[in-house]
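Beneath this line is the structure, given in structure tokens, with notes to follow.
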Amino acid sequence: MAGDGAATEAAFLLGRLVVVPDRSGALWLPEERTLVVADLHLEKGSSYARRGVFLPPYDSAATLASLAAAVTRHAPARIIALGDSFHDRDAGERFGGAERATLAALQAGRDWIWVTGNHDPQIGGGLGGEVVASLSLAGVTLRHEPDAAEAGFEIAGHLHPAAKLRLRGRALRRRCFALSARRCVLPAMGAYAGGLNLRDEAFRPLLGTGFSAHLLGDARLFRIDPRLLLPD
């Protein structure tokens with residue numbers, strides 16, 4: 001692995017599965033030709049608007065553009081979306097025509113799997129792909145919410161990991177991958193998705209002390225020693 005502060009798009013072994021964190025927040029599985037993303041939270045902006053909180057209505061387009069860039073880099077044969085792909089049960093009905101066309105283009109010529117999440121326990125028809133609660137690849141379980149009782153290897157989302165540190169005298173907070181010997185928790189890809197600090201107690205039973213944080217930079221990833229991470 002690269003040292004602290006050095007750019008890295010290195011490959012890691014999770015059980016028998018080779019995983020490569022991508023600067024978009026997606027996880028590339030080269031031997032499976034699979035791209036894994038988590039927490040797209042499509043139509044979060046329109047969900048807030050229904051409750052009188054008006055945000056610029058471009059989050060779905062921005063999120064899909066980020067995903068499309070990762071697809072261009074890796075040309076996957078399969079894409080797995082690890083739950084909370086849609087911000088609420090009705091989000092698919094509010095999905096605009098341009099966004100539907102972008103999604104269809106991303107799905108064309110490859111397998112697409114929706115893993116259900118707590119925000120989208122059901123995913124309506126007309127959005128393409130296959131819907132599952134979880135799945136296994138090369139002995140690694142892929143699910144939405146990480147399970148501390150998992151005795152094997154796991155890839156999950158749900159917690160939106162983010163890391164805070166002090167760099168050159170100023171505080172920096174970024175979305176990140178959390179990677180331990182048995183588990184990888186992906187950052188949220190959704191443009192309006194927040195982040196939970198890796199120092200939060202929710203991560204302790206999942207990661208222990210022997211983990212690494214891989215921060216999303218503007219053009220690359222940075223591996224940070226967890227001893228440098230700060231609470232919010």
Side-chain angles (χ1 to χ4, degrees), residues 1-3 6-40 63-85 103-117 128-147 150-161 175-189 206-208 210-217 219-224:
M1 280 185 200
T8 176
E9 289 187 355
F12 302 89
L13 265 180
L14 197 61
R16 295 182 287 110
L17 191 63
V18 177
V19 302
V20 183
D22 182 82
R23 61 184 183 270
S24 65
L27 189 68
W28 174 232
L29 314 180
E31 294 180 352
E32 302 286 335
R33 293 190 60 206
T34 295
L35 193 69
V36 184
V37 297
D39 299 280
L40 300 174
T63 300
L64 291 174
S66 180
L67 174 54
V71 168
T72 297
R73 279 193 293 277
H74 298 291
R78 173 173 50 196
I79 294 176
I80 300 173
L82 283 184
D84 285 4
S85 300
L103 177 62
L106 289 170
Q107 292 175 334
R110 57 178 55 93
D111 295 331
W112 186 288
I113 300 176
W114 302 106
V115 175
T116 54
E130 176 187 359
V131 180
V132 301
S134 64
L135 69 154
S136 178
L137 288 178
V140 178
T141 299
L142 286 78
R143 55 168 59 98
H144 174 60
E145 185 170 355
D147 183 358
E150 172 62 60
F153 299 93
E154 180 182 70
I155 297 172
H158 181 63
L159 290 176
H160 302 198
R175 300 181 192 195
C176 69
F177 292 87
L179 187 65
S180 70
R182 308 190 72 84
R183 178 175 283 108
C184 181
V185 183
L186 274 64
M189 185 175 274
L206 299 171
L207 301 174
F211 70 94
S212 56
H214 301 261
L215 277 65
L216 276 59
R220 56 186 181 176
L221 289 171
F222 294 87
R223 178 176 178 243
I224 302 298

Would you say [X]'s side chain and [Y]'s backbone share a donor-acceptor pair under 3.5 angstrom?
X      : Y      : result
Arg182 : Ala151 : yes
Arg183 : Leu206 : yes
Glu154 : Asp147 : yes
Arg220 : Arg23  : no
Trp112 : Ala81  : no
Arg175 : Ala188 : yes

Roughly how far, to the nearest 0.5 Å, is the [atom2] atom of [Y] from the [atom1] atom of [X]?
X      : Y      : atom1 : atom2 : result
Leu221 : Leu216 : CG    : CG    : 5.5 Å
Ile80  : Ser85  : CD1   : OG    : 11.5 Å
Ile79  : Asp111 : CD1   : CG    : 10.0 Å
Leu159 : Leu186 : CG    : CG    : 11.5 Å
Leu35  : Leu27  : CG    : CG    : 8.0 Å
Thr63  : Met189 : OG1   : CE    : 8.5 Å

Does [X] reach the side chain of [Y], with side-chain heavy atoms less than 4.5 Å apart?
X      : Y      : result
Arg78  : Leu137 : yes
Arg110 : Val71  : yes
Val18  : Leu13  : yes
Phe177 : Val185 : no
Cys184 : Phe153 : no
Ile113 : Leu135 : yes
Pro76  : Thr34  : no

[X] to [Y] - nearest heavy-atom pair and separation:
X      : Y      : answer
Leu82  : Gly157 : CD1-N, 4.3 Å
Ala70  : Ser24  : CB-OG, 3.5 Å
Ala75  : Arg33  : O-NH2, 3.5 Å
Leu14  : Ala181 : CD1-O, 3.7 Å
Gly217 : Phe222 : CA-CE1, 4.2 Å
Asp22  : His74  : OD1-NE2, 2.8 Å

Would you check, one step at a time, whether the test side-chain contact (heavy atoms from CB on, under 4.5 Å) holds for Leu17 with Ile155?
CA-CA 11 Å; Leu17 191 63; Ile155 297 172; 4.0 Å; yes
Please test Leu106 against Leu64 for side-chain contact (heavy atoms from CB on, under 4.5 Å), starting from the C-alpha separation and ending with a verdict.
CA-CA 9 Å; Leu106 289 170; Leu64 291 174; 4.2 Å; yes
Fit a plane to each ring of His214 and Phe12, take the angle between them on a 0 to 90° scale, and name the class: parallel (under 30°), tilted (30 to 60°) or perpendicular (over 60°).
perpendicular
